Amino acid sequence: MLDIREISRDPEEFRRRLARRGEVVGLEEALALDARRRTLIQQGDGLRHAKGEAEAGMRTADKQSETFARFRERMRTVGAEIKAVEAELAQAEAALADLMQVLPNVPAAAVPDGAGEQDNVELRSWGERPLFDFEPKPHWAIGEALGLLDFERAAKITGARFTVYRGALARLERALASYMLDLHTTEGGYTEILTPFLVNADSMFGTGQFPKLRADAFETTDGLVLVPTAEVPLTNLHRDEILQAEQLPIRYAGFTACFRREAGGYGRDTRGLIRQHQFQKVELVHFVAPEDSDAALAELTGNAEKVLQGLGLAYRVVDLCAADLGFGATRTHDLEVWLPGQGAYREISSCSNCGDFQARRAKIRFRAPGDKKPRLVHTLNGSGLAIGRTVVAILENYQRADGTVTVPPALRTYMGGLEIIA
RNA sequence: GGAGAGGUGGCCGAGCGGUCGAAGGCGCUUGACUCGAAAUCAAGUGUGGGUUCGCCCACCGUGGGUUCGAAUCCCACCCUCUCCGCCA
């Protein structure tokens with residue numbers, strides 16, 4: 001969430017910055033509501049002050065006296081006025097909150113201009129794309145031919161966009177989760193966290209999924225939500241907390257299953273593991289002081305890259321343009337892995353600096369020794385990595401002519417020494 | 001699921017109709033003392049909002065209600081804990 005007071009101090013600046021995303025809905029209305037809000041607050045405070053004085057008068061007055069009766073009458077009328085002003089204020093604040101909750105974050109200055117995905121900027125690439133002396137297959141063909149991916153039975157027991165893994169491939173998912181978590185906790189300085197896979201609505205508001213993207217979430221009948229990413233539970237871990245400056249930076253690595261309706265995503269990636277309603281992911285989250293968040297994004301991205309490097313998978317790093325930025329992000333670096341079966345780079349990690357956007361929603365603050373007031377932290381999150389898509393990348397990059405798949409060396413200890421998935 | 005207890009400031013904890021943003025303790029900050037922030041003593045120390053920057057206002061789980069007046073009384077809800085039941 002943006003700060004309406006900050007906006008009202010320099011509306012033109014925010015109009016300009018938000019326009020880079022290609023959307024500015026609600027900004028003007030929010031400014032008008034904020035002005036109304038301030039007026040009502042002043043009225044209400046003034047009335048309450050008058051009421052307090054009347055009450056002080058009553059305390060000392062004789063309860064039988066004429067003075068007491070006059071004060072009581074005064075409190076009665078002022079009380080009624082206060083109620084009226086408060087009702088109007090509550091209405092204005094609710095309307096303002098509705099608008100503010102759906103306003104996206106402003107892009108950082110360094111974010112490239114652009115109108116869509118096509119304007120994203122490649123920052124760097126790593127690794128060699130593998131050469132094949134045969135036609136590389138898409139991962140679903142490899143997995144199904146090996147009998148290790150079963151989309152049909154998944155559809156039977158659950159529905160479309162779910163998968164059943166078998167045998168070595170099931171183990172590969174598990175191995176990847178362990179490999180990634182081990183890497184982040186030993187080399188990246190992350191603390192491993194295992195969270196609930198269900199969260200409440202407040203958490204979804206805190207990280208910005210609600211209310212705008214509510215349609216994409218699976219909700220249970222008793223008001224809980226299946227996590228769309230571990231970013232939600234990990235970031236909300238410190239919701240409504242004031243941290244000590246020396247606790248920062250905080251780095252969490254968490255593994256969860258992730259559940260997404262993919263509402264509106266129908267027709268895209270209908271085959272294979274790329275776009276599932278349920279997938280697993282290791283997520284990285286940072287809480288840092290504002291002045292450190294640029295550097296933290298670079299580190300976070302590097303931490304995710306280390307996984308791909310360790311697995312020997314070619315990738316490129318893309319700087320998302322203003323129009324392609326997610327709702328809460330000020331800046332995002334996507335990692336796109338090379339998929340020979342599709343002849344394309346596909347997103348496997350998205351690393352974002354959310355600035356104070358989530359911290360303001362979730363009230364995550366910190367206090368430094370010299371600070372009079374607590375300040376909002378900056379939050380960052382990134383996949384490290386999406387596990388299902390990593391399986392895709394391994395199947396396609398390590399496939400062999402006979403339909404079997406080489407296990408990347410880094411994973412073999414996690415696979416009981418297995419070298420070939422056959 | 002059943003029964004009971006409870007939710008107050010960074011933490012612990014008192015208060016149970018007006019003088020309470022709220023005793024006391026811990027923690028923290030500053031000052032004194034000192035070779036030395038070890039101890040002791042003194043003062044300060046919640047969060048948010050508005051502001052004509054003097055101040056003013058709100059907040060005691062959340063939302064209603066009673067009352068001239070609610071942290072305190074009533075109702076509903078949420079959450080936590082204990083015991084019983086069930087259970088991976």
Side-chain angles (χ1 to χ4, degrees), chain A residues 1-9 30-97 99-101 194-206 210 219-225 233 236-248 250 257 287 289 356 358-377:
Chain A
M1 202 154 59
L2 298 173
D3 183 357
I4 185 63
R5 288 167 304 156
E6 220 173 287
I7 296 174
S8 73
R9 250 176 265 132
L31 283 163
L33 278 166
D34 182 53
R36 178 89 190 115
R37 173 182 144 267
R38 284 172 206 243
T39 305
L40 289 166
I41 285 173
Q42 285 179 49
Q43 278 180 22
D45 282 0
L47 288 167
R48 259 182 241 102
H49 184 61
K51 185 181 159 199
E53 287 180 334
E55 190 183 350
M58 287 182 80
R59 276 202 298 273
T60 50
D62 173 6
K63 287 208 195 318
Q64 311 306 324
S65 71
E66 181 67 19
T67 325
F68 188 87
R70 249 203 327 275
F71 276 131
R72 187 167 59 194
E73 205 36 56
R74 174 91 177 117
M75 280 185 75
R76 233 195 272 273
T77 53
V78 171
E81 290 175 60
I82 289 172
K83 267 203 168 135
V85 171
E86 279 180 346
E88 208 178 328
L89 177 61
Q91 210 171 9
E93 285 185 330
L96 178 60
L99 288 174
M100 294 311 291
Q101 276 172 356
L194 181 61
T195 66
F197 292 6
L198 285 165
V199 294
N200 56 33
D202 285 345
S203 295
M204 293 292 279
F205 275 99
F210 280 9
E219 300 189 55
T220 69
T221 50
D222 41 19
L224 296 176
V225 185
N236 279 282
L237 234 34
H238 294 298
R239 170 152 52 85
D240 292 321
E241 290 185 15
I242 299 174
L243 303 163
Q244 297 301 317
E246 56 270 24
Q247 289 178 260
L248 303 177
I250 293 172
F287 301 82
D356 61 13
Q358 293 180 325
R360 184 171 296 108
R361 286 176 162 250
K363 297 191 184 65
I364 308 169
R365 294 166 293 176
F366 77 105
R367 195 195 308 272
D371 292 350
K372 290 191 76 170
K373 293 282 173 188
R375 289 189 288 155
L376 294 168
V377 301

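The shown structure was predicted, so the numbers you read here are calculated from the model rather than taken from an experiment. Just so we're on the same page: letters track the sequence lines, and every chain starts at 1. For the numbers below, each heavy atom of this structure counts, side chains included, while hydrogens, waters and symmetry mates do not.
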note = Checking Gln43(A), Glu53(A), Glu86(A), Glu81(A) against Arg48(A) for side-chain hydrogen bond (donor to acceptor under 3.5 Å, both in side chains), the one that qualifies is Glu86(A)

ask   = Is A38(B) paired to anything, Watson-Crick or G-U wobble with both distances less than 3.5 Å, and if yes, which nucleotide?
value = none

query = What distance, rounded to whole Å, do you find between the two P atoms, one in G13(B) and one in U66(B)?
reply = 34 Å

ask   = Do NZ/NE/NH1/NH2 and the carboxylate oxygens of Glu6(A) and Arg9(A) come within less than 4.0 Å?
value = no

request  = Give a yes/no answer on whether the side chain of His49(A) brings an N or O atom under 4.0 Å of OP1 or OP2 in C57(B).
outcome  = yes

inquiry  = Is there a side-chain contact between Gln101(A) and Arg361(A) in this structure, where contact means two heavy atoms from C-beta onward sitting under 4.5 Å apart?
reply    = yes

task = Could you measure between the two P atoms, the one in G9(B) and the one in G61(B), and give it in whole Å?
result = 8 Å

task = Evaluate side-chain contact (heavy atoms from CB on, under 4.5 Å) for Asp34(A) paired with Arg37(A), printing each intermediate quantity in order.
result = CA-CA 5 Å; Asp34(A) 182 53; Arg37(A) 173 182 144 267; 2.4 Å; yes

remark   = Separation of G61(B) atom C1' from Arg239(A) atom CZ, nearest Å, is 14 Å

task = Please give the nucleotide sitting opposite G4(B) as a Watson-Crick or G-U wobble pair, both distances under 3.5 Å, or none.
result = C81(B)

Rounded interatomic separation in angstrom, taking CD from Glu55(A) and C1' from C20(B) = 11 Å

query = Distance between the P atoms of C11(B) and U62(B), in whole angstroms?
reply = 15 Å

query = How long is the line joining NZ of Lys363(A) and P of G10(B), in whole Å?
reply = 14 Å

Syn-anti status, with the boundary at 90° from 0, for the nucleotide G54(B) = syn

message = Whether Gln42(A) contacts U51(B) is assessed here as follows: a side-chain N or O lying under 4.0 Å from the phosphate OP1 or OP2. Is that the case?
response = yes

message = If I pick the C1' atom on U40(B) and the same atom on U34(B), what distance separates them, to the nearest angstrom?
response = 11 Å

key: Separation of the P atoms in U19(B) and C59(B), to the nearest angstrom   = 13 Å

Side chain of Arg38(A) (C-beta onward), nearest among U51(B), C68(B), G18(B) = U51(B)

task = Grab the CD1-C1' distance between Ile82(A) and C68(B) for me, whole Å please.
result = 12 Å

task = Can you tell me the pairing partner of C20(B) across any strand shown, Watson-Crick or G-U wobble, with both distances under 3.5 angstrom?
result = none

message = Before you tell me yes or no, could you show the steps for Leu224(A) and Asn200(A) under side-chain contact (heavy atoms from CB on, under 4.5 Å), namely the whole-Å CA-CA distance, both residues' side-chain angles and the distance that decides it to 0.1 Å?
response = CA-CA 5 Å; Leu224(A) 296 176; Asn200(A) 56 33; 4.2 Å; yes

ask   = Would you say Arg76(A) reaches C68(B)'s phosphate, i.e. side-chain N/O to OP1/OP2 under 4.0 Å?
value = yes

ask   = For U47(B), which nucleotide is its Watson-Crick or G-U wobble mate, given both distances must be under 3.5 Å?
value = A58(B)

inquiry  = Name the residue from Leu47(A), Ile41(A), Thr39(A) that meets the side-chain contact (heavy atoms from CB on, under 4.5 Å) definition with Val85(A).
reply    = Leu47(A)

inquiry  = Between C57(B) and G6(B), how far apart are the two P atoms, rounded to whole Å?
reply    = 34 Å

message = For a 4.5 angstrom cut-off between non-hydrogen side-chain atoms, does Ile7(A) reach Leu2(A)?
response = yes

inquiry  = Taking the P atom in each of G65(B) and G15(B), what is the distance between them to the nearest angstrom?
reply    = 29 Å

Integer angstrom distance from the P of U29(B) to that of C81(B) = 33 Å

key: Spatial distance of atom NZ (Lys51(A)) from atom CD (Glu55(A)) [nearest 0.5 Å]   = 7.0 Å

Please list each protein N or O that sits under 3.5 Å from an N or O in nucleotides 46-49 of chain B, with the distance.
| residue | atom | partner | partner atom | Å |
| --- | --- | --- | --- | --- |
| U47(B) | OP1 | Arg367(A) | NH1 | 2.7 |
| U47(B) | OP1 | Arg367(A) | NH2 | 3.2 |
| U47(B) | O3' | Arg365(A) | NH1 | 2.9 |
| G48(B) | OP1 | Arg365(A) | NH1 | 3.0 |
| G49(B) | OP1 | Arg5(A) | NH1 | 2.8 |
| G49(B) | OP1 | Arg5(A) | NH2 | 2.6 |
| G49(B) | O3' | Arg37(A) | NH2 | 3.1 |
| G49(B) | N2 | Asp45(A) | OD2 | 3.2 |

